[in-house]
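These notes concern the structure reproduced below.
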4 protein chains.
Amino acid sequence: MIQLSEAILHQVIKKRPPISHKGTFGRAVLIGGNQQYGGAIIMSAEACVKSGAGLTSVITAAKNHSALHARLPEAMVISLEDTELIHSVLETADVILIGPGLGLESSALKLLQHVLTNQKTSQWLVIDGSAISLFSKHQLSLTYPAQTVFTPHQAEWARLSGLSFDQQTAENNRIQQENLGAILVLKSHRTTIYDKTTCYQNPLGNPGMATGGMGDTLAGIITGFLAQFEKNTDTIAAAVYLHSLIGDTLAKNNYVVLPTSISGALPYYMKKYVLERK
Amino acid sequence: MIQLSEAILHQVIKKRPPISHKGTFGRAVLIGGNQQYGGAIIMSAEACVKSGAGLTSVITAAKNHSALHARLPEAMVISLEDTELIHSVLETADVILIGPGLGLESSALKLLQHVLTNQKTSQWLVIDGSAISLFSKHQLSLTYPAQTVFTPHQAEWARLSGLSFDQQTAENNRIQQENLGAILVLKSHRTTIYDKTTCYQNPLGNPGMATGGMGDTLAGIITGFLAQFEKNTDTIAAAVYLHSLIGDTLAKNNYVVLPTSISGALPYYMKKYVLERK
Amino acid sequence: MIQLSEAILHQVIKKRPPISHKGTFGRAVLIGGNQQYGGAIIMSAEACVKSGAGLTSVITAAKNHSALHARLPEAMVISLEDTELIHSVLETADVILIGPGLGLESSALKLLQHVLTNQKTSQWLVIDGSAISLFSKHQLSLTYPAQTVFTPHQAEWARLSGLSFDQQTAENNRIQQENLGAILVLKSHRTTIYDKTTCYQNPLGNPGMATGGMGDTLAGIITGFLAQFEKNTDTIAAAVYLHSLIGDTLAKNNYVVLPTSISGALPYYMKKYVLERK
Amino acid sequence: MIQLSEAILHQVIKKRPPISHKGTFGRAVLIGGNQQYGGAIIMSAEACVKSGAGLTSVITAAKNHSALHARLPEAMVISLEDTELIHSVLETADVILIGPGLGLESSALKLLQHVLTNQKTSQWLVIDGSAISLFSKHQLSLTYPAQTVFTPHQAEWARLSGLSFDQQTAENNRIQQENLGAILVLKSHRTTIYDKTTCYQNPLGNPGMATGGMGDTLAGIITGFLAQFEKNTDTIAAAVYLHSLIGDTLAKNNYVVLPTSISGALPYYMKKYVLERK
């Protein structure tokens, strides 16, 4: 198991090419936020935009649009009910995040099935929160596992892998990740990341980050990073590491670290690592 | 009567255990905010989240959801009308706050009765604002008084205890608190806290804090503290003391202290007291 | 004509009494904000709360409630259509502001007539914006002129007084103010204030303040000051002076001064003048 | 081709006349923001207000009003469906911006046609985003080309001019601009500005600005500048230059530059250039 370090940030976060436009940095589409959990997808969207995705569209219940725009006019919105528009927006996505606050309703399942079935060879998929639970319960399958990321916490991983908490050893996790085929970001106080050749451990993170919305924010950073940087496990690992690094920095002066305060600090910390690399 | 001091903060605000997750820091459910007083429960929610509750759900009129999400996407929302979902969310709560901006409608009474009747042995209850008035008027009764907190100001206490303002001496308050059985946070320019063995007086607080929403914010901090720290009177006292301590600090440079500015400063001041303790 | 100076702030802005509660600092009720001009009453409300009114209720179109709560949960809301509740809330008001963004619809006229007719001997009234136009057009009359304030800009004053711009000399203004009986705050690049014995001129203010919403903000400060300080012309003059003083300070580093940035600075500047006075 | 420099800011951004009112600095009317792209017009409005337009009205889908007010109560709102009110507000506009997030629906076309047909000799028109696409597709024509500005990015310019990306040389652009008659702001990593006598190149800008909403923000600054300064190409050039200058300054410490952070810095940077000029 390889310990992540600042080197992963220097490696992944690239100086932007001088001649570029918003399309250069990817189209991210985020799906989540039902009647009860709208805040989740709002936090994912803030993380995605502030980590530098070129264009961010959010598919969420209509009741969440106003709050999202009030916090983040940089994102575009589509209602969860607007099936035709959803299908057309998904066509042009570079990265799709599905799950934060999506809920377990049958409409959510139907949308997840659509996303899984219609994944394109050019698209990456991040499956988080409710979407992991739906995927497990309905034993869904992946179209392009190698370009799919799951971000479960330990209870979600238990449902997805069949491994009890005690059985979640590095070796067992690795075996189940291979069965799944997708990249696994297993969130805990020391998050681990598995693909078929590598296993990373994140040495950072702190208990002040143990608050609702922290996972939604991580999912948004992973999505923003995949939209603009190389689409691979290292990029995902850099997102995980940066999320905790900012969290640790904020925790020096804050008993609890608000997820949205991590997103707010992303532009500064990403620049810092580009400047340091020279 | 024991004067509170910084020692109560050092005692109550614990260094968080390194291996923990959001569930470790409690599930808080907040009920309030009708058509007119939505701001009250929004302020309680900000205080609860920023004081470190692990998960915060807010049961409030649907019209308040968008503003709540716009300020605080970290909280989850449930409509006051969604009875089935309310009952299920209350089942899993560690601490329930009812009252800020709830109003006196019959639906509010019904909800309060449900909360009182269904309190579990594992749950603490904070009764504030409108819920105190309803409790007094309808002579309701408590299921677990020893794990219930009332936070009246003097007029609400008059209705609850039958004591006129002049009669609200420490001794009379203590007798009525014993009759009630619950912990009493009697708010005034020098708030006092009574349980069956102790009486604390808060020496802090200032007239710049005499503005609408200050009590809603205090109720939210008490709820957030009970969600994550030991469930007892000292924890409540620490919440009261910290609320005033931040208020006094802000009042050095502000003629009026906005309730939401107190909530914003919670993560910093809570950390400060953990660091000082060593 | 007396030039206002910092002395008016030292005189009016009192150190708050140590034993006090939110009721001590007054109940303000603000009426305005139709379908098009909701921002106006939101700006008035921010100014009123941040200048220290004890309790602020805002009567505005339902569509504005969410934005108001998102910016200012400290305020309570009532719909312009909720006649019964409006009448009951007005009963308990210490100061009523009517007009910012109210519009000229017949429902607005009806509400203004209600407010004028039902003014109590204990209540002060501030008439601004649309309400001045309605008052002029329909030749309404005042119940307690001596405790009523008009805050017209020059075009509104022309309609109210019958004086053309050229005729708006200090002497003519004074005569028309006497006819009206109310206190007059005549807004311009050098605002003047008239009552039956005094005429103040505000020497402050700058062209960076010439932007939409500045008058709504001033009306909110006047209302907040009347709610908590002595109800007289000096208190109104202090509100006018402070509004411009903050505007001039902000204009040192800002080409345009946003009205909401003035409100944000109120608690700091009010404290400053209390501290300086000793 | 003339390289823009700070001189254009010193030339265009005037010290405001001491005797002035909000009308002195122009009435801007902004049209855009449908069900999906409401954030676009919100960002334009923030840029317009914060660059100093005297009065800003925003014609946008009703669902966007609350978020706009929550961010910017300084702006007034009108629904896209409220045809009568739209027509009356357009009558009094000094500058009209149409297009950010407007969409391509037939109602959008109809509104654009109304704006084009009813442009007055005293009004300037800024055509951006969706409105450029509609103009190209339906081969619409201008009433006063010399007081109309188009702000296409390269793909929109291709549709408008018929020039492929490769054909978009300075010479070809100039010829097509002459055919069009309007002032052309051709956005790219080095934006160029053409009118019938001048061609400016903007030497500033950076790839951190390549994110959704940056163009909406630029359109808002151009509109705000035209509302208050001399209505000519130099004023437009100053807006372009300042937008990039702030973007470059923010990019020193931010990997991605949020469009709304540029708007937030406008009052400070505009003042800076007035003070430096002496």
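Residue numbers begin at 1 in each chain, while the letters A, B, ... track the order of the sequences.
Contact record, C/Ala237 with C/Ile193: CA-CD1, 3.6 Å, taken as the closest heavy-atom pair.
To the nearest 0.5 Å, atom CG of residue C/Leu204 and atom CG of residue C/Leu245 are 6.0 Å apart. Atoms CD1 and CG, on C/Ile31 and C/Leu111 in that order, are 5.0 Å from each other to the nearest 0.5 Å. Atom CZ in B/Phe150 sits 5.5 Å away from atom CG in B/Leu160 (nearest 0.5 Å). With rounding to the nearest 0.5 angstrom, the CD1 atom of B/Ile127 is 7.5 Å from the CD1 atom of B/Ile132. We find the CG-CG distance between B/Asn172 and B/Leu163 to be 5.5 Å, quoted to the nearest 0.5 Å. In this structure, the separation between CD1 on C/Ile78 and CD1 on C/Ile86 is 7.0 Å, given to the nearest 0.5 Å.
Interface remark: C/Val89 contributes side-chain atoms only to the contact with chain B (heavy atom separation under 4.5 Å). At a 4.5 Å heavy-atom cutoff, C/Leu68 makes no contact with chain B through either its backbone or its side chain. With a threshold of 4.5 angstrom between heavy atoms, B/Leu258 approaches chain C through its backbone and through its side chain. Of the two parts of C/Ala62, neither the backbone nor the side chain holds a non-hydrogen atom closer than 4.5 Å to a non-hydrogen atom of chain B. Residue contact with chain C, scored on non-hydrogen atoms closer than 4.5 Å, involves the backbone and the side chain of B/Ala67 alike.
For the side chain to side chain contact (heavy atoms under 4.5 Å, CB included) test with B/Ile236, the passing option among B/Val126, B/Ile221, B/Ile222 is B/Ile222; the others fail.
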Would you list the atom pairs in which one atom of chain B and one of chain C form a donor-acceptor pair under 3.5 Å?
unit_1   : atom_1 : unit_2   : atom_2 : d
B/Gln36  : O      : C/Val77  : N      : 3.1
B/Gly39  : N      : C/His69  : NE2    : 3.4
B/Lys63  : NZ     : C/His65  : ND1    : 2.7
B/Arg71  : NH1    : C/Ala70  : O      : 2.8
B/Arg71  : NH1    : C/Arg71  : O      : 3.4
B/Pro207 : O      : C/Arg16  : NH1    : 3.0
B/Gly212 : N      : C/Gly54  : O      : 2.9
B/Ala251 : O      : C/Lys271 : NZ     : 2.9
B/Tyr255 : N      : C/Pro267 : O      : 2.8
B/Tyr255 : OH     : C/Lys14  : O      : 2.5
B/Thr260 : N      : C/Glu74  : OE2    : 3.4
B/Thr260 : OG1    : C/Glu74  : OE2    : 2.7

